[in-house]
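Naming convention: chains lettered A, B, ... in sequence-line order (proteins, then strands); numbering from 1 in each chain.
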Number of protein chains: 2
Amino acid sequence: MGNVTIRILARQLQLSAATVSKALADSHEISGPTKKRVLEMAAALNYTPNPYASSLRRKKSKTIAVILPEVADSFFSQAINGIEAIAQDKGYHVLVCLTHERSQKEQAILHEMLGGRADGILISVTSETSDPACLLELQEKGVPVVFFDRTCDGIDTARVVTDDLQSSYKATDHLIRQGCRKIAFLAIAEGLSISHQRIEGYKQALEDGGIKFSRENIIACTHDAAENLRLLKKIMSRKDRPDGVIASVEKLAVPVYQVCRELGLNIPGDLKVIGFSNLVTAAFLQPALTTVTQPAFEMGRSAASLLFKALGNKNFSLSQQVEVIPSELQVRESTG
Amino acid sequence: MGNVTIRILARQLQLSAATVSKALADSHEISGPTKKRVLEMAAALNYTPNPYASSLRRKKSKTIAVILPEVADSFFSQAINGIEAIAQDKGYHVLVCLTHERSQKEQAILHEMLGGRADGILISVTSETSDPACLLELQEKGVPVVFFDRTCDGIDTARVVTDDLQSSYKATDHLIRQGCRKIAFLAIAEGLSISHQRIEGYKQALEDGGIKFSRENIIACTHDAAENLRLLKKIMSRKDRPDGVIASVEKLAVPVYQVCRELGLNIPGDLKVIGFSNLVTAAFLQPALTTVTQPAFEMGRSAASLLFKALGNKNFSLSQQVEVIPSELQVRESTG
DNA sequence: TATTTTTACGAAAACGGTTAAGTAAATAAA
DNA sequence: TTTATTTACTTAACCGTTTTCGTAAAAATA
């Protein structure tokens, strides 16, 4: 009923709460026999320390927050798995906070974090995000912040990304070599660093391939799946429709297939498709999807590792730390 | 630097901490003008309450724990999205804890929860789980527990599941009608309630279809993907290989495709396939996969709703609450 | 006017674990 | 033997918020 606290434990043992606390922490101040008694009694009474009392006093929560737009696609799922694996290993808990791509929500979550709910932050920003004010504040308060995948300018801290520019270049280049002359680039919010980088890679490849870049081939998609479908349908119905398309984030790949099916367009005959994607099913799609496969799990692990380095060692600076984990172009039928 | 606490706020305002606390909570004891002053000053100093101090004092954490085997497949991803949506709406935080299908890890996590880290628990148990002791303890301590999808016997609390038996029956029946006579059932741990139910549905459909049930058609898969592949390959290489297969959990569907491709088996010609799956790509696979689509998002939402009902109303009993959200058989080419 | 009630606030004690500072006893050093 | 040190604890303060209880002053009631 009344939870068993450290004082109750202490009373049972005829010891002070301080002694019990230290014994549980395996302090050198406590004798072996006493430690043993304490451990045994703790087990017998099924004592579990109150994490909040501990957090309050020690000013650390043994919790990290993972702030993501969503967890609906494979990329973030895999990343969470990677992060959680490391965190659990370090004895930390993982708070998953979803922003639903709303920068306002993100602000609210970050503001809450100022209260000390988490010792460190892993974040992949929303497509609306631009203002790093809250993150800067957190950083000032000594809460380490690590970006993964989607970063945000204006704040100097560690970022774990993939080689967005290069992989986009490779993807574009591949399409060109396969004969595409009019390549649509499906983008989400252009403000986003990954969008920027990927668009840049696309541009450079076009240039190197002798194709003139045209602004209108950058298709600004939204987060409303239905709307994206409508948009794609419109574009693919035009007489001068693209002969190649790059889906620059995972969620934009499947809709392309969907639209092609509806319009009776053949992939890769009428349209060649590449997706930035972590779908395990990519190889089994009809036709198999050529992907830029991002090392999601690895990125998650790596980001978490950096964060824990900072948490474990106050001298370790996250400044300028950039870890680039390369993506892999996996050529399949959709660009055949 | 030194965090701004409620006392610092109070000093600035020439008020007591108690008054400030009440003002922030919009208590009726505090006058309108004072409340306003407090709110303004709080905003000016960028005050954020320490959640742990609050949790300690109020004995509630405004946090729920979601305990899952993994988050690598679509089912759990979508479920998390559903859960988080509700939780955020109610002002709660979500702690995601992964058990990696290890019952030992699960025990450890649940034991930690005894300390009061979360106000309520949503859990989908591991395939190894059998002993609900920890869950019972939590329940006794007044921590509401809601199962979703994978439940555990021996404890009377709410569970949100899909109609496992019926949907498995329908899937099996469908295969029989399509001409299958030897249907393999790919299962994970048979101890699991969902496995049991799904196998039962399979059995009943066989019986009703006039096909003798054979123990050896229940294929006990593991959580090691490579091993599953080997196992499947062996089975599909036999002369008397199955002419139909039911993948009873999502992660087992793709490997079937993989093995068929390697062995040069045609789906649905040589083998008809149904998967319990939430893959968004199911319709675009080669061939399109017939699925039993589980309402993952809805299940997550529903489970979270039940939990919050219990959290919001101490009189609300989770006992005997069973919510069955039906799955949908979506017939596609793989069983054509 | 005297009394009760209401309003608006403050003092202080929680909540449960940690830790700095202190202390008696035991041991080591001088 | 005396003093210094170490060992193994205890006391009490502290973390920051909430909440119970109290209390002046103001308002309402008698």
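In terms of phosphate contacts, B:Tyr52 brings no side-chain nitrogen or oxygen within less than 4.0 Å of OP1 or OP2 of D:dT18. Distances shown here put every side-chain N or O of A:Ser21 at or beyond 4.0 Å from the OP1 or OP2 atom of C:dG17. In this model, the phosphate group of C:dG10 is approached by a side-chain N or O of B:Thr19 to a distance below 4.0 Å at OP1 or OP2. For B:Ser16 and C:dA11, the shortest distance from a side-chain N or O to OP1 or OP2 is not below 4.0 Å. Taking 4.0 angstrom as the limit, B:Ser54 places none of its side-chain polar atoms (N or O) nearer than this to OP1 or OP2 of D:dT17.
Regarding A:Arg117, its CZ atom lies at a distance of 21 Å from the P atom of D:dC15, rounded to whole Å. Atom pair A:Arg58:CZ and C:dG16:P shows a separation of 18 Å (rounding to whole Å applied). Put simply, CZ on A:Arg7 is 12 Å from P on D:dA12, counting in whole angstrom units. Counting to the nearest Å, the P atom of C:dT18 and the NZ atom of A:Lys60 are 13 Å from each other. With rounding to whole Å, B:Lys22 atom NZ is found 12 Å from C:dA8 atom P. Atom C1' of nucleotide D:dA12 and atom CZ of A:Arg57 are separated by 11 Å, given to the nearest angstrom. Per the geometry, CG belonging to B:Asn50 stands 8 Å off C1' belonging to D:dT17, to the nearest Å. Protein atom CD1 of B:Ile6 is 8 Å distant from nucleotide atom C1' of D:dT18, rounded to whole Å.
Judged by distance alone, the side chains of B:Ser193 and B:Thr151 do bring a donor and an acceptor atom under 3.5 Å apart.
Using a 4.0 Å heavy-atom criterion, one finds that A:Lys59 contacts the sugar-phosphate atoms exclusively.
For the pair B:Phe148 and B:Phe76, the minimum side-chain heavy-atom distance is below 4.5 Å. The side-chain heavy atoms of B:Leu9 and B:Thr5, taken from C-beta on, include no pair separated by under 4.5 Å. The side-chain heavy atoms of B:Glu112 and A:His93, taken from C-beta on, include a pair separated by under 4.5 Å. Contact annotation: the side chain of A:Ile121 never approaches that of A:Ile64 to less than 4.5 Å [non-hydrogen atoms, C-beta and beyond].
Comparing B:Leu56 and B:Ala18 against DNA chain C, the residue whose closest nucleotide sits nearer the 5' end is B:Ala18.
Contact check of residues 23-38 of chain A against DNA chain C (heavy atom, cut-off under 4.0 Å) returns no residues at all.
Counting only residues at least two apart or on different chains, the ring-ring contact (aromatic ring centres under 6.0 Å, His included) pairs with a member in residues 45-64 of chain A are A:Tyr52-B:Tyr52.
Taking CZ of B:Arg301 as the start and CD1 of B:Ile325 as the end, the distance is 10.0 Å to the nearest 0.5 Å.
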